[in-house]
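Here's the structure, in structure tokens; my notes come after.
Residue numbers run from 1 in the order of the sequence given. Model, not experiment: these values are computed from the prediction.
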Amino acid sequence: MAKRCYYEVLEVERSANDGTLKSAFRKLAMQWHPDRNPTDKNSEHRFKEINEAYEVLKDPDKRAAYDRFGHAAFEQGVGPGGGGFGADFGSTFSDLFEGIFGMSGGRGRSGRERGADLRYNMEIDLDEAFAGKTAQVRIPTSVSCESCSGTGAKTGSKPKACPHCGGAGRIRHAQGFFTLERTCTGCQGRGQVIDNPCPSCSGSGRLTRERALSVNIPPGVEDGTRIRLGSEGEAGVRGGPAGDLYIFLSIASHPFFQRDGADLHCRVPISMVAAALGGEFEVPTIDGGKTRVKVPEGTQSGRRFRLQSKGMPVLRSKQVGDMYVQVVVETPQKLTKRQRDLLAEFEKLSSQDTHPESAGFFGKVREFLGGRAGSA
């Protein structure tokens, strides 16, 4: 019986990528599995055919040979189809069964498990984010038991191989012509059992303690920055490697500055007279100093002044942001009679040159209203 085209067997195009091939293989392998089709005598043949096609097409070199020479490339007994199930049969289906039946490789013979990662939330001031700091934190976590050196076994004894799985951490089950593996329930996949557990840690190999750590916070960190401290998380089970500690930073609001990336912004109210006549004022800077800002004559409310390189440092860079000062002209309140009289006199003496923006706006308003009246 002539062999069918491997692409036809997997129901894919010749241009199919690795992901498409794998997806098609999984779908068809499940559909034609002999254990799912006990009354269909053709299912075993189809299942072998699907496996043979995938064995070739998943391998770049074999696929290239097949695309060029077809089935002839694997004749003379060197191809994967000679015996139906090739030597790579187990590897072909391992990921399939792990995804479908929930089987994994277990924890191995040593029973050592990696400790959990920990998270610590820390709030710092904007000044500390500017300069950087070394912070001290105290974290309750699991540490390796000193009494048993993390093994979980009482002093003078040792863990032994699990009698149920022989130390493999997995138990094999025959299902049809397949051999499936599941995690051993006797040792929970560790491969070892402890007959004489350590009295200090009850066999876990870990104790809960509070640890003091130093955290280096570099200059320029932003809100939400994550700092990883390798192997500073929970201790591993029975001598396994420790997890990591992640410090998540949040930056408290500042009474004067608002941050936008590496730039800083601040609003400064000035008097109407200062805006009209010009002047200067001092503002603080994030580095703890101060600088003077000159306001030219006739400054309007909302104008921004840029102070170069007075902002925040860029993390792990020599660049520095800028500082922007926005002036807000404050309208005077609670005027005395004398002040009111002076302002009224100033208003009489004002002209379009004194208030060009408002004069231009209200001139346009009059033109607009006059045009509407003429068309009525």
Side-chain angles (χ1 to χ4, degrees), residues 117-141 211-233 243-333 357:
D117 294 335
L118 297 179
R119 171 174 178 154
Y120 184 88
N121 297 326
M122 179 188 297
E123 184 179 74
I124 61 175
D125 296 331
L126 185 63
D127 310 74
E128 295 172 326
F130 169 81
K133 63 177 294 188
T134 299
Q136 303 295 322
V137 297
R138 302 190 68 85
I139 300 175
T141 183
R211 299 174 58 204
L213 297 172
S214 294
V215 181
N216 181 38
I217 301 175
V221 293
E222 298 190 35
D223 193 84
T225 296
R226 186 183 71 172
I227 299 176
R228 173 181 171 270
L229 301 181
S231 301
E232 295 293 353
D244 299 329
L245 172 64
Y246 291 91
I247 308 293
F248 285 79
L249 300 177
S250 61
I251 300 178
S253 59
H254 194 274
F256 189 70
F257 296 112
Q258 293 80 46
R259 184 177 183 178
D260 180 16
D263 296 330
L264 295 176
H265 299 263
C266 65
R267 297 173 73 252
V268 178
I270 61 175
S271 69
M272 182 179 66
V273 175
L277 302 181
E280 60 181 30
F281 55 84
E282 285 186 340
V283 291
T285 53
I286 191 63
D287 60 2
K290 57 185 178 181
T291 187
R292 301 191 70 83
V293 178
K294 293 184 178 181
V295 178
E297 180 180 331
T299 295
Q300 301 299 310
S301 184
R303 181 171 177 179
R304 292 197 313 167
F305 298 89
R306 177 190 177 199
L307 305 180
Q308 194 171 6
S309 300
K310 293 294 184 181
M312 298 288 292
V314 178
L315 185 63
R316 299 183 180 90
S317 171
K318 295 182 179 181
Q319 298 178 350
V320 180
D322 301 325
M323 174 178 166
Y324 292 89
V325 178
Q326 183 182 40
V327 296
V328 180
V329 178
E330 184 179 17
T331 302
Q333 304 177 46
E357 188 172 346

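- Here the shortest heavy-atom pairing between Glu222 and Gly261 reads OE1-CA, 4.4 Å.
- Side-chain contact between Arg228 and Arg226 is absent, with no heavy atoms from C-beta onward closer than 4.5 Å.
- In this structure, CD on Gln326 lies 7.5 Å from OG on Ser301, to the nearest 0.5 angstrom.
- To the nearest 0.5 angstrom, Ile247 atom CD1 is 5.0 Å from Ile139 atom CD1.
- At most 12 non-hydrogen atoms from other residues, nucleotides or ligands lie less than 6.0 angstrom from CZ of Arg316.
- Across all their heavy atoms, Pro218 and Ile227 have their closest contact at CD-CD1, 4.3 Å.
- Residues Tyr120 and Leu213 fail the side-chain proximity criterion, which asks for heavy atoms closer than 4.5 Å.
- Crowding of Gln258 atom CD: a count of heavy atoms from other residues, nucleotides or ligands under 6.0 Å exceeding 12.
- Not counting sequence neighbours, the partners of Arg138 by the side-chain contact (heavy atoms from CB on, under 4.5 Å) test are Glu210, Ala212.
- Shown here for Lys294 and Phe305, the closest heavy-atom pair between the two residues is O-CE2, 3.7 Å.
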Worksheet entry | Derivation and outcome, side chain to side chain contact (heavy atoms under 4.5 Å, CB included), residues His254 and Asp127 | CA-CA 9 Å; His254 194 274; Asp127 310 74; 3.6 Å; yes
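- Within the model, atoms CG of Asp322 and CG of Asp260 stand 11.5 Å from one another, a figure rounded to the nearest 0.5 Å.
- Side chains of Ile251 and Ile124 form a contact here, defined as non-hydrogen atoms less than 4.5 Å apart.
- Residues that satisfy the side-chain contact (heavy atoms from CB on, under 4.5 Å) test with Gln300, not counting sequence neighbours, are Glu357.
- Residues Ala252 and Glu123 approach most closely at CB-CD, 3.9 Å, considering heavy atoms.
- At least one side-chain heavy atom of Ile286 sits under 4.5 Å from a side-chain heavy atom of Met312.
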Item to complete: Please step through side chain to side chain contact (heavy atoms under 4.5 Å, CB included) for the pair Ile217 and Met122, ending with a clear verdict.
Response: CA-CA 11 Å; Ile217 301 175; Met122 179 188 297; 3.6 Å; yes
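- Minimum heavy-atom separation, Asp117 to Asp244: OD1-N, 2.7 Å.
- When all heavy atoms are compared, the tightest approach of Lys290 to Thr285 is N-OG1, 3.6 Å.
- Looking only at side-chain heavy atoms (C-beta outward), Phe281 and Val325 come within less than 4.5 Å of each other.
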Indicate every side-chain donor-acceptor pair of residues 264-273 with a distance under 3.5 Å to a residue at least two apart or in another chain.
from	atom 1	to	atom 2	distance (Å)
Ser271	OG	Ala274	N	3.0

Fill in: Full working for side chain to side chain contact (heavy atoms under 4.5 Å, CB included) between Glu232 and Thr141
CA-CA 9 Å; Glu232 295 293 353; Thr141 183; over 6 Å; no
